[in-house]
Colleague: 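Structure below; questions to follow.
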Amino acid sequence: MQKYNHEKIEKKWQKEWARDGFAEWRAEGGSKKKKKYILDMFPYPSGDGLHVGHIEGYTASDIVSRFSRMNGYNVLHPMGWDAFGLPTENYAIKHKVHPAKVTEKNVNNFRAQLQRMGFSYDWSREVNTTDPEYYKWTQWIFLELFKRGFAYEAEVPVNWCPSCKTVLANEEVIDGACDRCHSEVVHKNLKQWILKITAYADRLLSDLDDLDWPERIKEMQRNWIGKSHGALIKFPLVDYKFPVEVFTTRPDTLFGVTYVVLAPEHKLIEELKDYVTNWDEVVEYTSVAKNRSERERQEKKEKTGVELKGIVVINPANKKEVPVWVADYVLMGYGTGAVMAVPAHDERDFAFAKNYRLPIETVIQPISYNWDATVAAYTEEGKMVNSGEFDGLGSGEAMEGIVSKLKEQGFAEDAVKYKLRDWVFSRQRYWGEPIPLIFCVACAEKIKNKTLKTKNGGEVLNPGWVAVPEDDLPLALPNVKHYEPTGNAESPLAGITKWVNTTCPRCGGEARRETNTMPQWAGSSWYYLAYIMRENNTYQAPNARDFKYWLPVDMYIGGAEHAVLHLLYARFWHKVLYDAKIVPTKEPFYALRNQGLILGPDGVKMSKSRGNVINPDAVVKEYGADTLRMFEMFMGPFEDSKPWDVRSIVGIRRFLERVWGLQVKTQDDGSDDAERLMHQTIKKVTEDIGTMHFNTAISALMVYVNALAEQEVVSNKTYKTLLLLLAPLAPHITAELWQLMGNEKSIHSEAWPNYDPKRIVEEHSTLVVQVNGKTRDSLKIARGISEEGALAVVTKLERIASHIQDKEIVRVVYVQDKLINIVAK
RNA sequence: GCCGAGGUGGCGAAACUGGCAGACGCACUAGCCUUAGGAGCUAGCGGAGCAAUCCAUGGAGGUUCGAGUCCUCUCCUCGGCACCA
């Protein structure tokens with residue numbers, strides 16, 4: 001027998017699998033077989049290469065894929081590259097190479113690394129978001145959104161990074177600074193394309209209930225969407241025609257309103273200019289407030305504001321006049337940008353009222369304890385006081401009563417508000433998908449006074465914009481000399497007049513292209529559909545039959561960091577496509593699992609600056625891909641985060657060497673001592689892989705191998721079963737051993753072994769004997785013994801007798817074949 | 001502050017519907033084998049005790065014949081959100 005040479009074996013089989021273009025892992029199109037779509041979150045091909053965290057998730061999905069194939073499923077298990085993005089572009093600028101070149105180099109490295117791990121991807125469906133044939137469809141879907149009225153252009157305040165020279169998405173701003181370069185982010189008002197994700201807020205929320213996702217991720221999405229039920233309440237302005245409209249979730253506190261607050265950006269402020277007596281003071285405050293950076297606004301400083309002197313509104317509940325203030329603790333982006341302040345029952349209002357010595361009026365009393373209204377706000381529900389006819393009611397009843405009374409009078413209506421904002425979709429950078437829209441002045445002029453309808457029957461919001469015709473897609477990224485950002489809020493594409501100037505697809509007149517590109521998240525919002533559309537290295541048009549067969553994704557595996565970004569965006573696009581009858585399911589990803597974070601050996605998150613990053617290539621070289629795969633699965637529960645323990649990996653290596661060594665003991669008619677354990681192991685491993693409990697599946701295999709190793713001879717049957725059970729976990733060594741056993745067919749195309757339930761049960765069972773609930777002894781006993789029979793045997797045991805002598809047996813609890821508990825006094 | 005997930009040996013962890021707590025692996029200890037070992041094999045390995053036995057699943061109560069598992073309170077760790085009215 002040769003030594004277990006992982007390097008030689010792994011190279012041999014990787015070459016073997018690649019020989020026919022990885023045909024063994026290919027998903028069959030148009031098949032009648034039952035299917036499984038097992039998807040990894042595709043990586044951003046960075047210059048650093050794959051890290052051990054990627055490998056953890058990819059190994060798990062590979063195991064599930066191989067397991068599913070052996071169980072007769074037609075498996076779609078693809079891989080691709082989410083390759084647009086800033087790091088590549090920044091690298092390209094710094095080193096003066098085209099971002100496409102950088103991408104190609106990184107992709108080649110990633111692909112080679114994945115293939116060295118022996119992952120069973122269907123490489124004939126590989127996708128790359130930066131491939132024009134790919135982003136043709138990204139653009140196509142964008143246009144579907146556009147045509148249905150879910151894309152609109154508007155001037156909005158955005159986060160601008162002065163160093164990266166682009167708009168940042170909210171998710172790219174951490175504590176008011178750019179996530180990438182840590183420059184302080186400033187606010188700018190820019191015209192941007194925006195996607196109306198808020199139109200789907202309610203469905204994005206309610207459809208979560210049917211998904212098999214980690215509760216934590218669902219909860220994050222719920223919080224992000226942030227649905228609140230409440231009421232819109234109108235506070236009429238004295239001597240003015242408009243009311244101030246506020247949103248509140250606590251209409252029961254309405255009688256306690258002592259002032260009303262507007263956000264500094266509120267339009268009403270400007271409209272009230274002529275009535276305000278301290279206008280200069282107001283302008284001074286609002287301009288300072290508007291210019292405060294994100295960071296300054298987030299710092300919990302003193303609450304500041306300014307009164308709109310001369311302006312008074314009427315509380316519709318008690319007809320009292322209350323003043324109006326402007327303060328930046330009220331956000332324009334949520335609700336109506338105006339709130340009714342109830343300092344007695346809201347912490348923020350309380351702090352503000354204390355600061356400006358505004359009155360505080362108690363209208364809710366806690367039921368069970370004393371509360372000092374001069375020290376803090378009472379924000380819970382309670383019993384109504386000082387609220388006219390509602391006194392004495394509970395908060396819940398009062399809310400209904402107050403709102404319904406005000407509704408009759410036209411001062412209130414029920415309302416639902418969301419925290420979710422629309423998705424700012426423009427970026428001023430080069431390395432992204434061009435937005436396929438053309439602006440035509442002539443068309444805009446012509447149709448100015450007509451109302452155009454979208455595909456959905458809504459009103460067209462930006463009538464001058466015309467979609468690039470489908471036949472002209474992809475709208476390719478033009479080559480530019482300088483892809484550095486311009487810094488003047490335009491993308492580098494704006495500088496290429498030849499590209500920008502075009503003709504209007506509608507009227508043929510002169511027109512200009514949109515020059516912004518799409519954000520990083522565009523390509524990943526639909527890539528799971530791209531794999532279905534991609535067959536034999538080309539993209540087919542969206543096809544209802546294929547979508548119906550493969551969707552939804554049965555198992556989606558990746559990191560938790562995408563909880564509210566990619567996973568929300570993809571669900572949004574999917575729902576638009578569902579409504580457009582392009583995809584047949586309401587949701588893209590039926591089941592989701594997050595791999596836990598792999599921490600450095602020091603127990604801290606791996607990072608280059610800390611120097612605690614484990615390089616998988618070095619591990620593969622020293623121990624082999626099979627060992628690395630199994631080690632990562634054995635470290636702990638898949639979804640838990642766990643530190644990398646450098647030393648423990650040898651345990652897995654020893655295990656594989658033991659498996660390797662067993663081959664010399666095999667015989668056709670070898671011992672059958674292990675057969676019961678074999679059936680038990682099949683059961684355990686089958687169940688554990690099915691529930692992604694890889695660590696316990698491996699420990700069951702270790703128990704089995706240890707038992708086989710103790711035998712003089714090992715039967716071919718028990719050894720072959722071992723190899724089959726191990727095949728999804730360690731594909732190379734099992735392929736080699738399978739072949740050495742004289743099998744011609746690949747082990748990975750074999751059927752998963754079955755167990756015989758009758759062969760699992762032991763003839764004898766172990767009966768645990770307790771006295772007063774404490775275990776005193778245990779004994780092997782024939783199955784099926786009666787309570788009386790067991791008791792008779794057990795009371796004779798020395799260690800039992802000593803505990804029950806001089807005592808009266810009050811009760812006996814007997815669990816058939818398992819446990820007997822004697823209760824004695 | 002709010003939401004979510006967790007606290008079990010020296011370490012990573014097991015324990016299916018309440019039923020022998022610590023499977024499996026690492027590290028460690030002793031022995032065998034070896035010219036050698038960062039190899040292999042055998043045995044041991046939660047704490048106290050010569051032992052019988054007692055104590056142990058963050059802490060305090062409770063339910064139960066029996067609790068790591070169920071209930072109440074409490075402490076701590078990690079992750080997310082955070083002026084959202």
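Order of the sequence lines fixes the chain letters, A, B, ..., with proteins taken first and strands second; residue numbering starts at 1 for each chain.
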Colleague: Considering residues at least two apart in sequence or located in another chain, which fulfil the side-chain hydrogen bond (donor to acceptor under 3.5 Å, both in side chains) criterion with Thr198(A)?
Modeller: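 If we apply the side-chain hydrogen bond (donor to acceptor under 3.5 Å, both in side chains) test to Thr198(A), skipping adjacent residues, the hits are Asp422(A).
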Colleague: For RNA chain B, what residues of residues 632-640 of chain A have any heavy atom nearer than 4.0 Å?
Modeller: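 Those residues are Phe634(A), Met635(A), Pro637(A).
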Colleague: I'd like a table of atom pairs between the protein and nucleotides 52-57 of chain B - only N or O on both sides, under 3.5 Å - with the distance next to each one.
Modeller:
residue	atom	partner	partner atom	Å
C54(B)	OP1	Arg776(A)	NH2	3.2
C54(B)	OP2	Arg776(A)	NH1	3.0

Colleague: The side chain of Ser648(A) is closest to which nucleotide in this list: A23(B), A5(B), C26(B)?
Modeller: C26(B)
Colleague: Looking at Ser228(A), I'd like to know whether one of its side-chain N or O atoms comes within less than 4.0 Å of OP1 or OP2 on A85(B).
Modeller: yes
Colleague: How would you label the contact of Arg222(A) with the nucleic acid (heavy atoms, under 4.0 Å): base, sugar-phosphate, or nothing?
Modeller: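 No contact.
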Colleague: Roughly how far apart, to the nearest Å, are G49(B) and C41(B) at atom P?
Modeller: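 That atom pair is separated by 33 Å.
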Colleague: For A5(B) and Arg216(A) - does any side-chain N or O of the residue sit under 4.0 Å from the phosphate oxygens OP1/OP2?
Modeller: no
Colleague: Using a 4.0 Å heavy-atom cut-off, does Asn695(A) contact any base of the nucleic acid, only the sugar-phosphate backbone, or nothing at all?
Modeller: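 Touches sugar-phosphate only.
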Colleague: Can you find a side chain N or O atom of Asn706(A) that sits less than 4.0 Å from OP1 or OP2 on G25(B)?
Modeller: yes
Colleague: Could you tell me whether Lys303(A) sits above the aromatic face of Phe352(A), with NZ or CZ closer than 6.0 angstrom to the six-membered ring centre and within 45 degrees of the axis?
Modeller: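 Judged by the rule, Lys303(A) and Phe352(A) form no cation-pi pair.
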Colleague: Using a cut-off of 4.0 Å on non-hydrogen atoms, how would the nucleic acid contact of Arg647(A) be classed: base, sugar-phosphate, or nothing?
Modeller: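 Since only primed, P, OP1 and OP2 atoms lie under 4.0 Å of Arg647(A), the category is sugar-phosphate.
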Colleague: Tell me which nucleotide among A13(B), C83(B), A27(B) gets nearest to the side chain of Lys303(A).
Modeller: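 Of the candidates, C83(B) comes closest.
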Colleague: Got a donor-acceptor pair under 3.5 Å from the side chain of Gln770(A) to the base of G19(B)?
Modeller: yes
